[in-house]
Amino acid sequence: MTTSYKRANQADEMNTPGKKTAQDQLYREAAATFGRHVARFAAGYERDPTRRQELLQEVHLALWRSFAGFDGQCSLRTWVYRVAHNVGATHVQRSMRSVERHGVELEEAELHADETADMQLTDRRLDLQRVMALVHALRPLDRQLMLLYLEDLDAASIGEITGLSARNVATKVHRIKSLLANRFGERSTS
Amino acid sequence: MNDDDIKSLWQSQPASDYAGETGRFQRQVKLRDLQENIAALLAALFFAVYAWLAPEPFMRIGSGLIVLASFNILYQLRRHAMPPESLALPAVACLRMELVRQRDLLRGLWLWCMLPCTPGIALLLWGMAQPDPSQFPWQMVALMAVPFIVVIVMNHLTARKLQARIAQLDQA
């Protein structure tokens, strides 16, 4: 059981409308600790800055609502990343339906890796745009894995958040690594 | 660039440190609930007024039953809503839960939405035909029955597609 969950439960016991207090408290803790992570995650699901801000607010609303049922079965971080992904994935599906776009799977992205790798981009902003373009080309489940990998989470954490088996995570992470190496590996900065 | 450079690039991007105000969240949730239920509420209001003003007892009873059916629809929608904490499930489990929810809603639409409305509509139409039951508006019934049947068939087809996606997820 996480510390925040224990604290939230204490608030429940001390205060009759404590449910709201616990929910609010958990939300505030999550927003303070993982606010930037969630914002980066939102960037991985929406390119347009205005719509991204809307998505970010949507994720925060979903987080706050979800904490009414937080049971401490997983860590706060896992909870936050799962909610952020599920809201982001719904957002992507809705956007795809409206503009008839389709994300590609990791395997397909690997095939096209070399086609755009010839651009000699040196600016960090442009590099970030290229990473973003790659992320946005992926289907939601692969995108979640890529985002968690970029957030530098280990395989066990990725497995817990995504619900994938350790073997499946290892395979996917291997593919992500080779995809990134193909696309960005040619220009060493070191 | 190696892996660490890419990760560091990703993590160094400007990201707003947004934190919402919980009171605003509560208001937003209430507003959304109202928006989602507005059609059923308006129908209930319309038929409540009609139940009050209608000249014929069957029409009044029929309108009253439609009001009850509208509230039943609201209740069923709420009952079948995804609990907010389901978003904290792993992605595949969350997606599966949502697909199952949509499939069940579509499959059962005739049962929880159309069937409860039928007695009220039938009585309302019967009342409209009074005092001469031979004037019963069969043409209107036929006009209403066609979209009902089309909606039921379409929903079943969509539910089958959803079931196929659920089976796909279960196999993966």
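These numbers come from the heavy atoms of this one structure, side chains and all, not from hydrogens, waters or symmetry mates. Numbers restart at 1 for each chain; the letters A, B, ... are given by sequence-line order, proteins then strands.
Taking hydrophobic clusters as Ile, Leu, Val, Met, Phe, Trp and Tyr residues chained together by side-chain heavy-atom distances below 4.5 Å, B:Leu65 shares a cluster with B:Phe71. Residue B:Leu68 is grouped with residue B:Phe47 when hydrophobic side chains (ILVMFWY) are merged at heavy-atom distances under 4.5 angstrom, including chains of intermediate members. Residues B:Met144 and B:Ile149 are members of separate hydrophobic clusters, defined by side-chain heavy-atom contacts under 4.5 angstrom among Ile, Leu, Val, Met, Phe, Trp and Tyr. The hydrophobic cluster containing B:Phe46 also contains B:Ile61, counting ILVMFWY residues as joined when their side-chain heavy atoms lie under 4.5 angstrom apart, directly or transitively. Tracing side-chain contacts under 4.5 Å through hydrophobic residues (I, L, V, M, F, W, Y), one never reaches B:Trp112 starting from B:Val100; they form parts of separate clusters.
Of all heavy-atom pairs spanning A:Gln144 and B:Ala91, the tightest one is OE1-CB, 3.6 Å. The shortest heavy-atom contact between A:Tyr149 and B:Lys7 is O-CE, 3.2 Å. A:Ser66 and B:Pro84 make their closest contact through CB-O, 3.6 Å (heavy atoms, listed as atom of the first residue, atom of the second, distance). Scanning both residues, A:Val131 and B:Trp10, for their nearest heavy atoms gives CG1-CE3, 3.9 Å.
The part of B:Ser12 that comes within reach of chain A is its side chain, from C-beta onward, which places non-hydrogen atoms under 4.5 angstrom from that chain. For a residue to count as touching a neighbouring chain, one of its non-hydrogen atoms must lie under 4.5 Å from one of that chain's; by this rule B:Ala93 does not touch chain A. Both the backbone and the side chain of A:His60 come within less than 4.5 Å of a heavy atom in chain B. For A:Gln57, the parts lying near chain B are the backbone and the side chain together; criterion is any non-hydrogen pair under 4.5 Å. Neither the backbone nor the side chain of A:Tyr81 comes within contact range of chain B; no heavy atom of the residue lies under 4.5 Å from a heavy atom of that chain.
Each of B:Leu95, B:Asp3, B:Val92 has some count of heavy-atom pairs under 4.5 Å with chain A, and the biggest count is that of B:Asp3. Listed options A:Arg52, A:His85, A:Met132, A:Glu151 were ranked by heavy-atom pairs under 4.5 angstrom with chain B; first place goes to A:Glu151. In terms of heavy-atom pairs under 4.5 angstrom with chain B, the leader among A:Val135, A:Val83, A:Leu141, A:Leu150 is A:Leu150.
Around atom CE of B:Met154, no more than 12 heavy atoms belonging to other residues, nucleotides or ligands sit under 6.0 Å away. No more than 12 heavy atoms of other residues, nucleotides or ligands sit less than 6.0 Å from atom CH2 of B:Trp110. Around the NZ atom of A:Lys177, the shell of radius 6.0 Å holds no more than 12 heavy atoms that belong to other residues, nucleotides or ligands.
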message: Apply side-chain contact (heavy atoms from CB on, under 4.5 Å) to residues B:Arg32 and A:Leu61 and explain how you reach the verdict.
response: CA-CA 12 Å; B:Arg32 277 186 193 188; A:Leu61 176 63; 3.5 Å; yes
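The distance from the CG atom of B:Leu9 to the CG atom of A:Asp127 is 6.0 Å, given to the nearest 0.5 Å. Atom CD of B:Gln26 sits about 4.5 Å away from atom CH2 of A:Trp64, to the nearest 0.5 Å. Rounded to the nearest 0.5 angstrom, B:Gln11 CD and A:Asp152 CG are separated by 5.5 Å. To the nearest 0.5 Å, the span separating CG on A:Asn86 from CD on B:Glu98 amounts to 10.0 Å. For the atom pair CG (B:Leu89) and CZ (A:Arg82), the distance works out to 7.0 Å, reported to the nearest 0.5 Å.
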